Amino acid sequence: MQEDYNIQETESKWQEKWRIEKIFEANPESGKEKYFITIPFPYLNGNLHAGHTRTFTIGDVIARYKRMQGYNVLYPMGFHVTGTPIVGLADLIREQDPTTMKVYTELHGIPKNILPTLDEPEKIVDYFKVEAEYAMNIIGYSIDWRRKFTTMDPAFQKFIEWQYNNLYDKGLIVKGSHPVKWCPHDNNPVEDHDILRGEEATLVEYTLIKFRHKDTIFPCATLRPETVYGVTNLWLNPEVSYVKLKMEKDELEEYWVVSKEAYEKLLYTDWNVEFIEDMNASDLIGLKLKNPATDNIIQILPAPFVRGNNGSGVVMSVPAHAPYDYLALRDLAKQDLTEYGITADEVQNIKPIQVIDVPDYGEAPAAEVVAELGVVDQKDPKAEEATKIVYRREFHGGTLKDITGKYKGMPVSKIKDRLTQDFISQGIGSIFYEFSEPVQCRCGTMCVVNMVKGQWFLNYSNPEWKDKVYKCLSQMDVIPPEFRVEFENKIDWLKDKACARTKGLGTQLPCDPRWLIESLGDSTIYMSYYTIANYINDGTITPEMMTRPFLDYLFLDVGTAEDAAASSGLNADLINKMKSEFNYWYPVDIRSSGKDLVPNHLLFFLFHHVALFDESKWPKALAVNGFVSLEGQKMSKSKGPILTLKEAVDTYGADVTRMYILSAAEQAQDADWRKEGIESARTQIGRFYTFVRQVVESGCKIPENGDKTHIDRWIESRIQQYIREVNIAFDSIHTRHAIQNAFFLIYNDIKWYHRRGGEQCLTEVVETWTKLMAPFTPHICEEVWSELGHTESIAFVPYPTENKALIDEAAEVAENIIIKTLEDVEEIIRVAKITPKKVYLYTTHEWRTLILRKAAEIALASDEFVPTEEIAKGIRTDPEIMDSAIETMGHYVKEDVKEKAKEITEAVRNHVDVKELIQKSMADPTIRSRGKEGQKYVQKVANDIRGSSIDAVLSYLNANVDEKQILEEAKPFLEKELGCPVEIFDAEEIDAGNAYDPEKKSRFAEPGRPAIYIEQE
RNA sequence: GCGAGGGUUGUCGAGUGGUCAAAGGCGCCGGACUUAAGAUCCGGUUCCGAAGGGAUUCGUGGGUUCAACUCCCACCCCUCGCACCA
């Protein structure tokens, strides 16, 4: 073996071997179970970076693990190039934009003489696809490269056309309007990088409720449409300018009164707006109108807190639930309103109308919170706080009251969309969008929300479509499981999505070729394309052959092979062969991705699969991983900082990079890439190699007829635990936990084994260790594996599984006694600051073990006894508890579980109570003869068992170790470690007076814990 | 604001009711080895302690329990997403 492990040389050696032997080119094999794993293909507007490294490495490690488990694994890769960023990058390069030139030469590592030549999108794609493939090879990904493609390949575009034709025919592509951030000056949508101020702004959807006075509508914008049932009056601000407008949409023609600012905003909605006249607020205040939800007659009152630039400038007053309204009414009751023709009675007679039931509040939550906080009036800053509190409480805990009719009992948090839709269909509501904060374009103009009309949409809001997606999701594994609710929320949240563009690279929309298909359409079902991409790349299939009958037959089993053959010109047998390959690989077994893609790629992946494919082809599992930052800083492709995959591998090597990125954080968490961390990973790899080299050179092997020693049995037992943990961790993609067990913990035990003089299991243990690490660090493991005398690639060697026959509880209990005893002696030496001349160990009296046994017996004899770790399981499977849990719902579940847990715990405790233990113990003459000493120990045992799990006690008793013997066996080791002689006495020798025990330490001996006396120099 | 995740010992992070002063890595300190450095190995790393012990800790404040890092309530803080951008 090499004296020092040469990373670069060894890694490229194995990569070359893998490539030449084509071991990762996956073809269907009948009788062998397949595993199809995909990760989202990278977008090629830069080099692969640390974020890609993490996601792709997770995919590769799973692929390698599954391969070692015996699956036929397909791990393919393609390149995403559609959309605007690549076009934008080409523009920036052509313009020699300084930031871009700097970032792409210095951080993306593009040579200075090459970058300026990448001035067209196609050149950028051609450059980066080569770079990306190179990078993925030098890090050792086990990809089947015969299946690569880019989304601008003509054949792939035919595939996308086919997808959209099918979606269109199913009625899932529709025309409609949607709101965008818009600059009135540029007369264009503003993208995020065009925004000067308000980048964080989001579109807020208000419900507009139409209050009517004769033929004039006063539309109120609200985020809480349910409160319309509690409206007592409307508010207008006498200081604000109002206008009357003629509003037209579809067949509708209405007259609205809104603030002047609202008028400006309405111009960009899908209404036709015609200015009629200016209105004077004073003339409007006092008017009576009808609440469209309740038909109550209410009045318009003056309010200074109403802002013209917020919503429509017309505000509903809900004093029961809105502190401002409550306060304003209270303030108003003291004022003279005769100038508006409003009598004092009219104001004073207004009573809050409760709409929402909230726990802990009565009829008027707003009034209660106002009183609680001591808010003085509507100008008091505390009014804002009161509003927040009421809002939060009502939103989370509130339900609707009888007054809302058919909505009675519904939670406030769920009602908004339904109510808005119902109001719209009844002609009393509308939707109105507004920014969450002002947005200013780079040109200086304030932006508006513009409703773009006549746009093509994917009809994601379609309830039947959503239901199928829910169904699909419910049958899938989601890893980690917390993300399931995230997916459910996003499915719920998803509305129709514009799917056509005019800019960027892309495929023409077949139903309307003036448009390009939005680029996310490429990343929905392309995994199916991988299953035939090798035939496209080798020229068997040309783009012209990608006809609809062919693809329908191939992927959807629609039509016949003959039709498919006739339209494509392909041989029918060949078509059937491809079809069987597709059927072999599909569905996708797992799709693993960064969490940023949850609300888009991953969601659309599900939508498009359920829309097009048969249920048997729906994906099986989703895995989601966190981001990567660099030394605490967020990465940015276009501005930096960024660390490319290639740079990482060039500096540290593939194995180190792989191991580091997967051990830096657990899957769902964000990882921070730190130089310090990866450098330590590098030394770990070196340590691994050095250790294995020593083992190989020493040639230790279990002798044919050799008996295993205690320490051999111990290491074999320990290794089984790590094997089990690693497998469990793999199945839930806990890569960090897997590496902890497969590398660090195992290594620490191997060191201990070595230190204890173990050697005959070393080769066996090191082989297991190598196999466990092979998915993470495949190059060094291949190298070591061949050094260990194997000729086959480790990539297909069966992954270790737990061998229960090798678990040896007695060996572990015995070894723990030795470890603990050594630690105790060392601690005494340290604390007492003594230099030991000789160490004496005294094992315990049999009668103490007897007491321990009696305590355990008492506990175990009880019918109610449940070992601690079983308690939780027992509760979860108790049908009575589950029933009541389902009935009571929510947090009450936990109360029940808690009660039950208490009962069980109580039972265990009561059954090893002191009294019973004393009685049973004292019935035994051996113990009784010990008198007070015996009683004292009974007390202690009862206490210990009560205060902790008795599992440890049980395993000690089960192991039934001879302490004297195991200590004698470890004596040479202890003497070596302590650097002085060690002598061990058992209780019989002590009783017989044959033990040296000048300080009577032997009486402190307990089961599993020998007493210690250290003689000083 | 809404949704999701998270706040643990110098640091990165395990840990979901008892065996927890709390795994493992890193850093730091000390020792062994070495001509030396690195690597490697051993020990320590909250505080106190001349015998294996004790005290105080896990965002903040309350609560439940014989027992809480772990359960409940309230609050504070951090990260991500909120749409036509991939």
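Given the structure is predicted, the values throughout are model-derived calculations rather than measurements. Protein chains get the first letters and strands the later ones, always in sequence-line order, with residue 1 at the start of each.
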Whole-Å distance separating the [atom1] atom of [X] from the [atom2] atom of [N]:
| X | N | atom1 | atom2 | result |
| --- | --- | --- | --- | --- |
| A:Asp672 | B:U11 | CG | P | 14 Å |
| A:Asp670 | B:U79 | CG | P | 11 Å |
| A:Trp673 | B:C12 | CH2 | P | 18 Å |
| A:Lys595 | B:G81 | NZ | P | 9 Å |
| A:Leu223 | B:C82 | CG | P | 19 Å |
| A:Lys495 | B:A83 | NZ | P | 10 Å |
| A:Ile1012 | B:A51 | CD1 | P | 13 Å |
| A:Glu631 | B:C26 | CD | P | 17 Å |

Over all strands shown, is [X] touching base, sugar-phosphate only, or nothing at heavy-atom distances under 4.0 angstrom?
| X | answer |
| --- | --- |
| A:Leu597 | nothing |
| A:Gln684 | sugar-phosphate |
| A:His80 | sugar-phosphate |
| A:Tyr433 | nothing |
| A:Pro836 | nothing |
| A:Ala668 | nothing |
| A:Ile1014 | base |

Checking A:Arg682 against A:Tyr652: charged group under 6.0 Å from the ring centre and within 45 degrees of the axis?
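Not flagged: A:Arg682 not positioned over aromatic ring of A:Tyr652.
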Does NZ or CZ of A:Lys751 fall inside the cone over A:Tyr753's six-membered ring, less than 6.0 Å from its centre and within 45° of the axis?
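A:Lys751 over A:Tyr753 ring: no.
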Proximity to the side chain of [X] - top-ranked nucleotide from [options]:
| X | options | value |
| --- | --- | --- |
| A:Phe627 | B:C80, B:A23, B:A14 | B:C80 |
| A:Leu745 | B:A23, B:C2, B:A4 | B:A23 |
| A:Gln669 | B:G52, B:A14, B:A86 | B:A14 |
| A:Thr84 | B:G49, B:C85, B:A4 | B:C85 |
| A:Arg687 | B:G81, B:A50, B:U40 | B:U40 |
| A:Lys820 | B:A4, B:A14, B:G52 | B:G52 |
| A:Lys634 | B:G13, B:C80, B:A50 | B:C80 |
| A:Tyr43 | B:A86, B:A23, B:C42 | B:A86 |
| A:Trp493 | B:A86, B:A83, B:G43 | B:A83 |
| A:Asn748 | B:G25, B:C26, B:A86 | B:G25 |

With a 3.5 angstrom cut-off on both distances, give the Watson-Crick or G-U wobble partner of [N], or none if there isn't one.
| N | result |
| --- | --- |
| B:A36 | none |
| B:C85 | none |
| B:U9 | none |
| B:U79 | B:A4 |
| B:C47 | B:G54 |
| B:C20 | none |
| B:A14 | none |

Donor-acceptor pair, distance only, cut-off 3.5 Å: does the side chain of A:Glu666 make one with the backbone of A:Thr735?
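Indeed, once roles are kept as given, a pair shorter than 3.5 Å links the two residues.
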Both A:Leu203 and A:Phe744 contact RNA chain B. Which one's nearest nucleotide lies toward the 5' end?
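So the residue in question is A:Phe744.
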Of A:Ala498 and A:Glu666, the one whose closest RNA chain B nucleotide lies more 5':
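This one resolves to A:Glu666.
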Would you say the base of B:A86 and the side-chain of A:Asp596 have a donor-acceptor pair closer than 3.5 Å?
no
Minimum-distance pair of heavy atoms, taken over all atoms of A:Gly626 and A:Asp670:
CA-OD1, 3.5 Å
Between [N] and [M], how far apart are the two [atom1] atoms, rounded to whole Å?
| N | M | atom1 | answer |
| --- | --- | --- | --- |
| B:G59 | B:U11 | P | 13 Å |
| B:U8 | B:C71 | P | 16 Å |
| B:C48 | B:C42 | C1' | 26 Å |

Take A:Glu205 and A:Lys416 through the side-chain contact (heavy atoms from CB on, under 4.5 Å) test and state the conclusion after the steps.
CA-CA 10 Å; A:Glu205 187 188 291; A:Lys416 186 184 169 195; 4.3 Å; yes
Indicate whether the side chain of A:Thr151 and that of A:His80 have a donor and an acceptor atom separated by less than 3.5 Å.
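No - no donor-acceptor pair under 3.5 Å links their side chains.
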Please confirm whether A:Tyr526 and A:Phe41 have ring centers closer than 6.0 angstrom.
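Judged by ring-centre distance (under 6.0 Å), A:Tyr526 and A:Phe41 do meet the cut-off.
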Carefully, step by step, assess A:Glu826 and A:Arg830 under the rule salt bridge (charged side-chain N to carboxylate O under 4.0 Å, His left out).
CA-CA 6 Å; A:Glu826 282 175 338; A:Arg830 194 171 54 249; 5.9 Å; no
